Amino acid sequence: MKKIKNILVLSFLLNTSFSYTQLFKNLSSSYESYSAYYLDDSKTGDFNQEDRFRSNNYLNLKSYLGRNWNFEIQIESYAPSPLLNYSPNFKEIGLSTFKIDYNIDDLNISAGNFYEQFGSGMILRSWEDKDLGINNSIRGLNAKYRINDEINITALIGNQKKGFKYSKGYIVGFDSEFDLSKITKNNSTFLMGLSYVGRNDQRTKSSFYPEMTNLISGRIDFSSNSFYSNIELVNKSKNPIVIFGSLSDNFIKEGSAFLFNSGFFKNGFGLDFTFRRLENMSLFSEREAFGNVYNESIVNYLPALTKQHDYSLTNLYVYAAQPNVSFQSKDLTKAGEIGMQADLYYFIEEETFLGGKYGTNLSINASVWNNLDGNYDYVNQNYDVDLFGFGEKYFSELSLEIRKKWSTKFDNIILFVNQFYNKKFVEETTGEVESSIVVLENTYKINDKKSIRLELQHLSTKDDTKNWSAFAIEYNLNSAFSVYFSDLYNYQNPTEEKKVHYYNLGGSYSKGINRYTINYGRQRGGLVCTGGICRYVPESTGLSFSITTSLF
Amino acid sequence: MKFNYIKLLIVLFLITTQSTYSQNNIPSVNIKTLDGKPVNSRSIYNKNGLTVYSFWATWCVPCINELDDIHKEIEKWDEANVKIVAISTDDSRTKRRIRPLISGKKWGFKILLDENQDLKRALNINGIPHTIVTNGNKIIYRRIGYKPGEENDLYQFIVKNSKSKN
């Protein structure tokens, strides 16, 4: 009832003379709608859940009320049901977020739902990702104050959003940033940050551990003309480990994180290196949300530090960061991850033998991630891990990408990837996969408006479900219309019935700020990862369409 | 249930038809330089001509294609007196690649970082690539997505509107 009331109030406001007051003079909005009609599939099975038609809708309204005040609301509807893979906490229609901002000089105060990140997000990040069904905004108060050019502070308190609900416990945070560049010379920048986050979980009261979990983090950041380096250290206070879905009363451990990053770049060349170690680092606004498949109640952001791929076959065996303690069996015990990643970018000059007329872009990425090495005592549920010991390998990858423009009309992207994926440790199932992937992307511009893009991919492996092939063809008819057809095929799957074509046919129309898409096809199930966050999705077949529009 | 849904659509319809005076300025949001220093979004614009804001990320293939295509003919864009600001929405998973990547590509654009997508959200940007053109802080053009060749439309728009400005 309350939700209907919200809508009625809103439509009333819009219909009265209010519309033309200051409030609506500076109103802006955006609307996104994603719908699907799921079908039975003779190959992959019938759709056996409620509601074949499902739709997610987001309406965001913002108003700039003069110089100092901003107001924002977001209404969401998941009717009759949310799309597959979205949390059941997204139900029907309701006011999802609201926020009032007050800005004066160097002070900014927000009341309502706010998004925030401290440092690289290892102790706090609240953000929204509609594709992943993540909106872990905090509802409460957030105040930012710029003391002077060198010092900025932020303080916040609130409850975390979970669907249309909120966490029972609260999150409190404080962040400070100091610009110490005056100490250094030659245009270099030297920044320092100190943060604190407290997570109070009243739902899980116990005499074995406190309600409050405290995280402290310190970071330094140095940049000069062609070099940069940064370090971040985190300590997390004692917290119970989740064993087979329940909180342990005697397996209680501290957590920690260490991140080091450095890079060098100069005129056509760039190199970046990152090292990270995570031990028992995941943090949820409610302890019992640990390991939930919808990525709800996440307080901190611990993404996989690997190359983020854009092609379907390079996203089959994707690494997901392993920040947790997990004791599944005697030979499957984890306490976190340790590893590194390096990126190299190089531009081969124009008018050289390898560069050709337009030059050639090369990029190489290498990463390796392992379990923490140490003594794992499965029977007594305890561990003692080394500070810099590399345990069982989770994942490694080496890739080379070449971007080459041959003429004003034709260009190529060639990608080679070599992967090792420890399915047993990452997905907590069985098996290891060693694979090689080749991608060739060709774009041909027919004229200023028309172009064709053809993507060819192949994955070869002797493990898991063997070889895959994939292709996609996209035809851009003009600046507004585009159509595509793609297919993903596990042609060597040892089970004959599982040799399935995951085909998709669709089109899009975009004009200015409006975009409409339609797609018919079959989606692959399994671990699907976007933006460093992964989730398990079931296979599905259906017709889907989306609308995206925003007003100036 | 269905009733609620219809209500929402009605509200949406009312909004789209009534708000003729909607957001047409760059909102005030703090983003960062690649060194990590705060910059206010309203202070970025070109004082001597138009500004193009291109929202991109290191993992977004069409975004990089667009910026590459502009970069390949950068002289003609420079002549049009336009300032190109590439605003990266890379978060802490991928932001470390920005500096090596732009160096490897030799892009000369001004690059800023919107790490937790505060400016992207304030501008109601749903997906990238997303391109905005402003005269001062006033938004005069917006486009979602990028297809090969669309940089020419953008260039034509800039040439036409730069002339009318002078």
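Quick note: numbers below take in every heavy atom, side chains included, and nothing from hydrogens, waters or symmetry partners. Just so it is clear: chains get the letters A, B, ... in the order the sequence lines come, proteins before strands, and each one is counted from 1. A quick note: this is a predicted structure, and the numbers were derived from the prediction, not measured.
- Listed options A/F222, A/Y228, A/Y346 were ranked by heavy-atom pairs under 4.5 angstrom with chain B; first place goes to A/Y228.
- Only the side chain of A/R146 has a heavy atom closer than 4.5 Å to any heavy atom of chain B.
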Test side-chain contact (heavy atoms from CB on, under 4.5 Å) applied to B/K105 and A/Y345, step by step: CA-CA 8 Å; B/K105 288 193 166 291; A/Y345 291 89; over 6 Å; no
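- Contact of A/N514 with chain B is made through the backbone alone, with heavy-atom distances under 4.5 Å.
- Both the backbone and the side chain of A/Y115 come within contact range of chain B, judged by heavy atoms closer than 4.5 Å.
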Worksheet entry | Criterion side-chain contact (heavy atoms from CB on, under 4.5 Å) on B/N30 and A/K144, from CA distance to verdict | CA-CA 11 Å; B/N30 275 339; A/K144 288 169 185 289; over 6 Å; no
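- Of the atoms belonging to A/D272, heavy atoms from both backbone and side chain fall under 4.5 Å from chain B.
- With a threshold of 4.5 angstrom between heavy atoms, A/Q341 approaches chain B through side-chain atoms but not through N, CA, C or O.
- At least one side-chain heavy atom of A/K445 sits under 4.5 Å from a side-chain heavy atom of B/D69.
- Checked against A/D343 for a salt bridge (Lys or Arg N to Asp or Glu O under 4.0 Å), the options B/R97, B/R99, B/K95 give a single hit: B/R97.
- Note that CD of A/Q308 and CG of B/D91 are 7.5 Å apart. Values are rounded to the nearest 0.5 Å.
- The local environment of NZ in A/K409 is crowded, with over 12 non-hydrogen atoms from other residues, nucleotides or ligands closer than 6.0 Å.
- Applying the side-chain contact (heavy atoms from CB on, under 4.5 Å) criterion to A/S226, with sequence neighbours excluded, gives A/F264.
- Annotation: B/K76, atom NZ; neighbour count of heavy atoms from other residues, nucleotides and ligands within 6.0 Å is above 12.
- Taking every heavy atom of both residues into account, A/S28 and B/N124 meet most closely at OG-ND2, 3.3 Å.
- Only the backbone of A/L271 has a heavy atom closer than 4.5 Å to any heavy atom of chain B.
- The CG atom of A/N478 sits 10.0 Å away from the CG atom of B/D153 when rounded to the nearest 0.5 Å.
- Using a cut-off of 4.0 Å between Lys/Arg side-chain N and Asp/Glu carboxylate O, B/K120 and A/E128 are scored as not salt-bridged.
- Heavy atoms of other residues, nucleotides or ligands lying less than 6.0 angstrom from OH of B/Y45 number 12 at most.
- Contact tally against chain A (heavy-atom pairs below 4.5 Å) for B/S103, B/C60, B/A57: the top residue is B/S103.
- Remark: A/N187 CG is loosely packed, at most 12 non-hydrogen atoms of other residues, nucleotides or ligands lying under 6.0 Å away.
- Looking at A/D448, both its backbone and its side chain come within 4.5 Å of chain B, counting heavy atoms on both sides.
- In this structure, CD in B/Q117 is found 8.0 Å from CG in A/D129, a value given to the nearest 0.5 Å.
- Across all their heavy atoms, A/F347 and B/G104 have their closest contact at CB-O, 2.8 Å.
- The greatest number of non-hydrogen atom pairs below 4.5 Å with chain B, out of A/D411, A/D221, A/T274, A/N230, is found for A/T274.
- For the residue pair A/L305 and B/S92, the shortest heavy atom distance occurs at CD2-O, 4.1 Å.
- At a 4.5 Å heavy-atom cutoff, the contact between A/L259 and chain B is made by side-chain atoms alone.
- Nearest heavy atoms, A/L191 versus B/K37: CD1-N, 4.4 Å.
- The most heavy-atom pairs under 4.5 Å with chain B, out of A/R125, A/R515, A/K450, A/K449, come from A/R125.
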Report task. Evaluate side-chain contact (heavy atoms from CB on, under 4.5 Å) for B/T94 paired with A/K307, printing each intermediate quantity in order. Result -> CA-CA 8 Å; B/T94 49; A/K307 185 176 168 84; over 6 Å; no
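- Taking the charged nitrogens against the carboxylate oxygens, B/K106 and A/E350 have no contact shorter than 4.0 Å, which rules out a salt bridge.
- Neither the backbone nor the side chain of A/L362 comes within contact range of chain B; no heavy atom of the residue lies under 4.5 Å from a heavy atom of that chain.
- For a residue to count as touching a neighbouring chain, one of its non-hydrogen atoms must lie under 4.5 Å from one of that chain's; by this rule A/S181 touches chain B with the side chain only.
- No part of A/A342 comes within reach of chain B, as not one of its non-hydrogen atoms sits under 4.5 angstrom from that chain.
- For B/D68 and A/K405, the salt-bridge test fails: no basic side-chain N is under 4.0 Å from an acidic carboxylate O.
- Judged by distance alone, with hydrogens and angles left aside, the side-chain atoms of B/N116 form no donor-acceptor pair with the main-chain N or O of A/W127 at under 3.5 Å.
- Both the backbone and the side chain of A/S120 come within contact range of chain B, judged by heavy atoms closer than 4.5 Å.
- In this structure, no portion of A/N108 lies under 4.5 Å from any heavy atom of chain B.
- Distance CG/B/L34 to OG/A/S223: 8.5 Å, rounded to 0.5 Å.
- Counting only distance, with no hydrogens or angles, the side chain of B/R96 and the backbone of A/F273 share no donor-acceptor pair below 3.5 Å.
- In this structure, chain B has a heavy atom under 4.5 Å from the side chain of A/E349, while its backbone stays farther away.
- Of the possible polar contacts, one joining the A/K62 side chain to the B/R121 backbone as a donor-acceptor pair under 3.5 Å is found.
- The side-chain heavy atoms of B/I64 and A/R403, taken from C-beta on, include a pair separated by under 4.5 Å.
- Within residues 143-152 of chain B, the residues having any heavy atom less than 4.5 Å from a heavy atom of chain A are, in residue-number order, B/R143, B/I144, B/K147, B/P148, B/G149, B/E150, B/E151, B/N152.
- Side-chain atoms of B/S28 and A/N103, non-hydrogen and from C-beta on, never get closer than 4.5 Å to each other.
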